[in-house]
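The structure appears below as structure tokens.
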Amino acid sequence: MSALSLTREKIYRTVARQLHGVVPCWLCGEHVAHADATLEHIIPRSEGGSSHLENLAISHDFCN
């Protein structure tokens, strides 16, 4: 498993725990099923954003 896959898993589980199993998509706001979850950079890397946890959010695969 890659480092980003482990990060995605960690963020997904943390959000799910905090919001009682509901993980909203950063882009559309709808619930993201675990199988459809991807990482989204809040500030895009092309605009100087980093891949640190503070700049990553969960989104649907099709929204990302």
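Atom set for the values below is all heavy atoms of this structure, side chains included, hydrogens, waters and symmetry mates excluded.
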For Ala57 against Ile42, the heavy-atom pair lying closest together: CB-CG1, 4.1 Å
Gap separating the CD atom of Glu9 from the CZ atom of Arg13, nearest 0.5 angstrom: 4.0 Å
Test item: Ile58 and Arg8 side chains (from C-beta on) under 4.5 Å apart, heavy atoms: yes
Short side-chain to backbone donor-acceptor contact, Tyr12 and Val32, under 3.5 Å: yes
Asp36 side-chain N/O to Asp61 backbone N/O, donor-acceptor pair under 3.5 Å: no
Test log, rule side chain to side chain contact (heavy atoms under 4.5 Å, CB included), inputs Arg45 and Ser50: CA-CA 6 Å; Arg45 293 182 70 201; Ser50 69; over 6 Å; no
Verdict with supporting geometry, His60 and Leu27, side chain to side chain contact (heavy atoms under 4.5 Å, CB included): CA-CA 8 Å; His60 291 106; Leu27 299 168; over 6 Å; no
Main-chain N/O of Cys25 paired to His31 side chain as donor or acceptor, under 3.5 Å: no
Donor-acceptor pair between His41 and Glu47 side chains, under 3.5 angstrom: no
Thr38 side chain vs Ser59 backbone, donor-acceptor pair below 3.5 Å: yes
Heavy-atom check, side chain of Ile11 versus side chain of Leu39, under 4.5 Å: yes
Same cluster (ILVMFWY, side-chain, under 4.5 Å), Leu53 and Val15: yes
Closest approach of Leu56 to Ser51 (non-hydrogen atoms, all atoms of both residues): CD1-O, 3.5 Å
